[in-house]
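Notes follow the structure.
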Amino acid sequence: MPEMRTVAENSSGAEFILAGLTSQPELQIPLFFLFLVFYMVTVVGNLGLITLIGLNSHLHTPMYFFLYNLSFIDFCYSTVITPKMLMSFVSKKNIISYAGCMTQLFFFLFFVISESFILSAMAYDRYVAICKPLVYTASMSPQICLLLLLGVYVMGFVGAMAHTASMVRLTFCANNLVDHYLCDILPLLELSCTSTYVNELVVFIVVGIDIGVPTVTIFISYALILSSILHIHSTKGRSKAFSTCSSHIIAVSLFFGSGAFMYLKPSSLLPMNQGKVSSLFYTIVVPMLNPLIYSLRNRDVKSALKKTLSKILFS
């Protein structure tokens, strides 16, 4: 039996090969164009929403401040993942260096964790707006919004550092084929020659916090919002309150549902191929759908878009 070689933990010459989404040759080119279209829609949608909010002063409110940052996060973490994923469809070997893999892992985790907390900040904003409208201006002042945003990015940084730091301590085996389209936690752990107990513990603790805390915050916020809505006597008032929150509920369900399915289910019950399909939702589909969900179901955004387009076309 040949001696098992290892990949040095911090060797600049070490590299991994990303297996990609599928190994079937006939699907490579169709999937390349499909996900290229997805990425283009994601970039145009999120940068368009960022530009729209920036250009229209009536959208400079706490709700759109958080939506602006959600679009920024979606654009960034889609850009961290999709271009490298597209390479796997058109190249025989989609090679990524050890440093590049750890960098992709860190930024992917930073943005995906930040997204979970920005969604909870948005839920809190809607709770204050609907349940405590008289104190909304004071409760969601620019200073408080900035503090909430700082908390979002701090949690993203801490979570990403915890996972990445526990990953770089591992020694990887000679088999450097990552059975995924990105450097994600679980497929990398499969390549380790050393014990992954600490990493698995970090996954359950950090992912539990990063999904659990925002989920509880969002659940409590919307339970209180629903209670408040049911006390509104005006049908028009109820309809307006529901429409304000419906977009957020759709985005939250897609994001947390697919994330929890991927990370909080025992790996023995979730084959890696199913895991890759599940991860497509929160890595590719959600960043693409968010700007569509928030713009198509939002009167203020549609109105701002019409005004901006008319200015551009008739200036």
Side-chain angles (χ1 to χ4, degrees), residues 15-51 70-97 100-116 118-119 160 176-188 190 250-263 270-296:
E15 59 186 28
F16 295 103
I17 300 170
L18 297 174
L21 190 61
T22 179
S23 57
Q24 298 180 44
E26 67 276 11
L27 294 177
Q28 301 292 342
I29 298 303
L31 285 175
F32 171 81
F33 285 108
L34 175 66
F35 287 105
L36 179 62
V37 170
F38 281 3
Y39 182 58
M40 289 169 67
V41 172
T42 301
V43 170
V44 171
N46 284 293
L47 290 184
L49 201 51
I50 287 170
T51 305
L70 176 67
S71 291
F72 170 73
I73 289 167
D74 280 339
F75 166 74
C76 288
Y77 92 74
S78 180
T79 300
V80 166
I81 296 162
T82 313
K84 194 64 182 170
M85 177 191 183
L86 292 173
M87 287 291 294
S88 66
F89 295 124
V90 293
S91 60
K92 289 183 179 180
K93 279 188 178 181
N94 190 15
I95 296 170
I96 185 169
S97 67
C101 187
M102 292 302 116
T103 302
Q104 185 189 53
L105 176 69
F106 174 82
F107 282 105
F108 160 62
L109 292 170
F110 171 72
F111 288 117
V112 82
I113 293 169
S114 296
E115 171 136 348
S116 70
I118 200 85
L119 288 171
N176 61 348
L177 181 66
V178 180
D179 188 17
H180 213 294
Y181 55 84
L182 77 151
C183 288
D184 200 359
I185 300 166
L186 301 181
L188 284 173
E190 290 185 350
I250 293 168
V252 164
S253 302
L254 279 172
F255 181 76
F256 285 106
S258 57
F261 184 76
M262 176 68 183
Y263 289 102
L270 184 66
M272 189 50 68
N273 283 339
Q274 289 182 30
K276 284 194 274 190
V277 173
S278 173
S279 67
L280 283 175
F281 281 94
Y282 64 87
T283 57
I284 308 292
V285 177
V286 169
M288 178 184 69
L289 289 182
N290 274 347
L292 299 175
I293 290 168
Y294 284 105
S295 58
L296 295 177

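Given the structure is predicted, the values throughout are model-derived calculations rather than measurements. When reading the values below, keep in mind they use all heavy atoms of this one structure, side chains included, and skip hydrogens, waters and symmetry mates.
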(message) How close do S71 and I50 get, counting heavy atoms only, and between which atoms?
(response) CB-CG1, 3.7 Å
(message) For Y181 versus S279, what's the shortest heavy-atom pair and its separation?
(response) OH-OG, 2.8 Å
(message) Show, in sequence, the C-alpha distance, side-chain angles and deciding distance for F35 and L280, and conclude whether the side-chain contact (heavy atoms from CB on, under 4.5 Å) test is met.
(response) CA-CA 10 Å; F35 287 105; L280 283 175; 3.9 Å; yes
(message) How long is the straight-line distance from CD1 of I29 back to CG of L34, given to the nearest 0.5 Å?
(response) 12.5 Å
(request) Find out whether L188 and C101 are in side-chain contact, i.e. whether some heavy atom of one side chain is under 4.5 Å from a heavy atom of the other. (result) yes
(request) With rounding to the nearest 0.5 Å, note down the distance linking CD in Q104 to CD1 in I81. (result) 7.0 Å
(request) For residues M87 and N94, report the shortest heavy-atom separation together with the two atoms involved. (result) CB-OD1, 3.5 Å
(request) Give the C-alpha distance, both sets of side-chain angles, the deciding distance and a yes or no for side-chain contact (heavy atoms from CB on, under 4.5 Å) between V178 and D184. (result) CA-CA 9 Å; V178 180; D184 200 359; over 6 Å; no
(message) Ignoring hydrogens, what is the shortest heavy-atom contact between F108 and V80? Give both atom names and the distance.
(response) N-CG1, 4.0 Å
(message) Please verify the inter-ring angle class for F107 with F110; under 30° counts as parallel, over 60° as perpendicular, anything in between as tilted.
(response) perpendicular
(message) Given 3.5 Å as the limit, does a donor-acceptor pair link the side chain of N176 with the main chain of I17, or not?
(response) no
(message) For E115 and N290, which I'm curious about, is there any donor-acceptor pair between the side chains at under 3.5 Å?
(response) yes
(request) Return yes if some donor-acceptor pair links the side-chain N/O of Q28 with the main-chain N/O of T22 below 3.5 Å, else return no. (result) yes
(request) Locate the shortest heavy-atom distance separating L49 from P291; write the atom from each residue and the value. (result) CD2-CA, 4.0 Å
(message) Once rounded to the nearest 0.5 Å, what's the spacing between atom CG of L18 and atom SG of C183?
(response) 5.0 Å
(request) Give the intermediate values and the outcome of side-chain contact (heavy atoms from CB on, under 4.5 Å) for residues M40 and V43. (result) CA-CA 5 Å; M40 289 169 67; V43 170; 5.9 Å; no
(message) As an exercise, state the distance from CE of M85 to NE2 of H180, rounded to the nearest 0.5 Å.
(response) 9.0 Å
(request) Would you check if the distance from the ring center of F72 to the ring center of F75 is below 6.0 Å? (result) no
(request) Could you walk me through whether F33 and F89 pass the side-chain contact (heavy atoms from CB on, under 4.5 Å) test, one step at a time? (result) CA-CA 9 Å; F33 285 108; F89 295 124; over 6 Å; no
(request) Taking atom types as modelled, find out whether Y77 and S114 have a side-chain donor-acceptor pair closer than 3.5 angstrom. (result) no
(request) Identify the two heavy atoms, one from P287 and one from F281, that lie closest to each other, and give their separation to 0.1 Å. (result) CD-O, 4.4 Å
(message) Quick check for you: to the nearest 0.5 Å, what is the distance between S78 atom OG and Y39 atom OH?
(response) 6.0 Å
(request) Return yes if some donor-acceptor pair links the side-chain N/O of K84 with the main-chain N/O of I95 below 3.5 Å, else return no. (result) yes
(message) Would you compute the distance between atom OG1 of T42 and atom CG of N46 and round it to the nearest 0.5 angstrom?
(response) 6.5 Å
(message) Main chain of T79, side chain of T82: is a donor-acceptor contact present, judged purely on distance under 3.5 Å?
(response) no
